[in-house]
Amino acid sequence: MTKLLSMNRRNFLQASAAGALAGAMPGLIGSSAAAQTALTVGFIYVGPKDDYGYNQAHAEGAAVIKAMPGVTLVEEENVPETVDVQKTMESMINLDGATLLFPTSFGYFDPHMLAMAAKHPDIQFRHCGGLWQEGKNPANTGSYFGYIFQGQYLNGIAAGHATKSKKIGFVAAKPIPQVLQNINAFLLGARTVDPGITCQVIFTGEWSLAVKEAEATNALVDQGADVITCHVDSPKVVVETAAGRGAFVCGYHANQSPLAPEKYLTGAEWAWGNVYSDFVKKAQAGEKLGNFVRGGLKDGFVKMSALGSAVSAEGRKAFETTQAEMMKGGFSVFKGPLKDNKGDTVVAADKSYAEDAIELESMNYLVEGVVGSTA
């Protein structure tokens, strides 16, 4: 969608009175009856759809439902986490007749999506992340997310077999639970290969800030890290910078192997097409949509990039064996005894968290062996 159309969408409702809009274009106002046979679905992205990362992963999922019978897809990219996203949702509802909206970015939820949900109780809103709470948030809202830390654990296994320095690096945006899960899982996977491996993490403070991401990657390599991964919106800068410095890379969100074919080991990817297809099928059938939807590798929420040529035969075997175990279900990435990087026990010896453990969504620690700093 062009920038011009994007601006028209966000500003249309400010330029037209509600009554004039209804009178001039009554056919564009969606009805619940029409939604039973045809469904208009809106997707909103905080960045470009071809960012090799978070937004691209969601856009690839949206492309899957676009091909489904009866579905009309409406998309807008580069929408900031401000009141602009409310304008976009409003116009998708009133101009396009959307009855199911996916505002995909973390910061869209509160107050923006919640405000729109209260204003439009007949519209369904689903947000990517762990922010929805039963009894607190509206019934026409919900959250979906995947146990992608399983993928980072597998990334860690590949990294553990590739590292020579026993130092791996992680460029992260913000220390929220989902990010901490990924950092911890990356090191825990690597430590199945060698318990002496450590992980240096640098937080940039932003989901998308190319300059800091490049600086953080270079700093990690300077400190001896020879395998790098990340959790930022677009891993493109991290991947290209790390590979340019001679380090191996593990991807995140989407497949970045074309950016560094000789240095790309594997990557933890989203498989949002499966998730979105399920939401759409339920909506078309008039069924209740889940408010708290979760899944991992075995559920088809997460997938792995193909192993790169740099992965050794031993590394490939360990990776594939663990992946097969995860596909059976019940695999515990986080199990005791486990200490945080301050020396405190965070998981007791007799405790383990399977992939569906709700406690993981409040994780607030880095495990022993992770050294954190701020860029």
J.: Does K339 have more than 12 heavy atoms from other residues, nucleotides or ligands lying within 6.0 Å of its NZ?
T.: no
J.: Are L131 and M363 connected, step by step, through hydrophobic side chains (Ile, Leu, Val, Met, Phe, Trp, Tyr) whose heavy atoms are closer than 4.5 Å?
T.: yes
J.: Output, in order, the C-alpha distance, side-chain angles, deciding distance and verdict of salt bridge (Lys or Arg N to Asp or Glu O under 4.0 Å) for K317 and E314.
T.: CA-CA 5 Å; K317 181 179 179 181; E314 183 181 10; over 6 Å; no
J.: Do NZ/NE/NH1/NH2 and the carboxylate oxygens of K212 and E215 come within less than 4.0 Å?
T.: no
J.: Is V46 close to N55 at the side-chain level, that is, under 4.5 Å between some pair of heavy atoms?
T.: yes
J.: For residues F301 and F145, establish whether the separation of their ring centroids is below 6.0 Å.
T.: no
J.: Specify the closest pair of heavy atoms between I228 and A225, including all atoms of both residues, with the distance to one decimal.
T.: CD1-CB, 3.8 Å
J.: If hydrophobic clusters are built by linking Ile, Leu, Val, Met, Phe, Trp and Tyr wherever their side-chain heavy atoms come under 4.5 Å apart, do I93 and F109 end up in the same one?
T.: yes
J.: Do the side-chain N and O atoms of H127 and W132 include a donor-acceptor pair separated by under 3.5 angstrom?
T.: no
J.: Under 3.5 Å, is there a donor-acceptor pair between the side chain of T163 and the main chain of G160?
T.: no
J.: Tell me whether the rings of F149 and Y147 are parallel (<30°), tilted (30 to 60°) or perpendicular (>60°).
T.: tilted
J.: Looking only at non-hydrogen atoms, find the nearest pair between A98 and I123 and report the distance.
T.: O-CD1, 3.6 Å
J.: Look only at the side chain of K263 and the backbone of G246, and say whether a donor-acceptor pair between them is shorter than 3.5 Å.
T.: yes
J.: Could you tell me which non-hydrogen atom of Q56 sits nearest to which non-hydrogen atom of D51, and how far apart they are?
T.: N-OD1, 2.9 Å
J.: If you measure only the distance, is there a donor-acceptor pair under 3.5 Å linking the side chains of D96 and T40?
T.: no
J.: Are Q86 and E90 linked by a side-chain donor-acceptor pair shorter than 3.5 Å?
T.: no
J.: Between N137 and L114, is there a side-chain heavy-atom distance shorter than 4.5 Å?
T.: yes
J.: Less than 4.5 Å apart, side chain to side chain, heavy atoms only: is that true for I176 and Q181?
T.: no
J.: Going by atom types only, do Q178 and N182 share a side-chain donor-acceptor pair under 3.5 Å?
T.: no
J.: For E75, is there an ion pair with K49 - N to carboxylate O distance below 4.0 angstrom?
T.: yes
J.: Taking all non-hydrogen atoms of both residues into account, name the closest pair between F170 and C230 and its distance.
T.: CE2-C, 3.5 Å
J.: How about Y276 and H58: does a side-chain donor come under 3.5 Å of a side-chain acceptor?
T.: yes
J.: Would you say the side-chain atoms of S143 pair up with the backbone N or O of G129, donor to acceptor, closer than 3.5 Å?
T.: yes
J.: Do Y252 and Y54 meet the criterion of a side-chain donor-acceptor pair at a distance under 3.5 Å?
T.: no
J.: Examine distances only and state if a side-chain atom of N140 and a backbone atom of A117 form a donor-acceptor pair shorter than 3.5 Å.
T.: yes
J.: Salt bridge between D194 and K166, side-chain N to carboxylate O under 4.0 Å?
T.: yes
J.: Minimum heavy-atom separation for W272 and G146, please, with both atom names.
T.: CH2-N, 4.1 Å
J.: Do you reckon I183 sits in the same ILVMFWY cluster as L187, going by side-chain contacts under 4.5 Å, direct or chained?
T.: yes
J.: Do side-chain atoms of Q256 reach the backbone of A254 as a donor and acceptor pair under 3.5 angstrom?
T.: yes
J.: Examine the side chains of S305 and E269 and answer whether a donor and an acceptor come within less than 3.5 Å of each other.
T.: yes
J.: Between the side chain of N341 and the main-chain N/O of G369, is any donor-acceptor distance below 3.5 Å?
T.: no
J.: Have N155 and Q152 got a donor and an acceptor in their side chains that come within less than 3.5 Å?
T.: yes
J.: Does atom CD of E287 have more than 12 heavy-atom neighbours, drawn from other residues, nucleotides or ligands, at distances under 6.0 Å?
T.: yes
J.: Please examine the side chains of I44 and M89, heavy atoms only from C-beta on, and report whether any two atoms are closer than 4.5 Å.
T.: yes
J.: Any idea which heavy atoms bring V237 and A210 closest together, and the distance?
T.: CG1-O, 3.7 Å
J.: Using a 3.5 Å distance criterion without hydrogens, assess whether the side chain of T345 forms a donor-acceptor pair with backbone atoms of A348.
T.: no
J.: When the aromatic ring centroids of Y144 and F292 are compared, is their separation below 6.0 Å?
T.: no
J.: Say whether, by atom type as modelled, one donor and one acceptor occur between the side chain of Q284 and the main chain of P69 under 3.5 angstrom.
T.: yes
J.: Using atom types as modelled and distance alone, determine if a side-chain donor or acceptor of H253 lies under 3.5 Å from a backbone N or O of V232.
T.: yes
J.: Mark yes or no for whether T82, through its side chain, and D84, through its backbone, hold a donor-acceptor pair below 3.5 Å.
T.: yes
J.: For the ring pair W207 and H231, is the centre-to-centre distance below 6.0 Å?
T.: yes
J.: What about Y153 and L297, same hydrophobic cluster or not, with Ile/Leu/Val/Met/Phe/Trp/Tyr joined at side-chain heavy-atom distances under 4.5 Å?
T.: yes
J.: Hey, is D222 close enough to R245 for a salt bridge, meaning N to O under 4.0 Å?
T.: yes
J.: Would you mind checking if E213 and K236 are paired as a salt bridge, meaning a charged N to carboxylate O distance below 4.0 Å?
T.: no
J.: Using the rule that Ile, Leu, Val, Met, Phe, Trp and Tyr join whenever any side-chain heavy atoms are under 4.5 Å apart, tell me whether M327 and V275 fall into a single cluster.
T.: yes
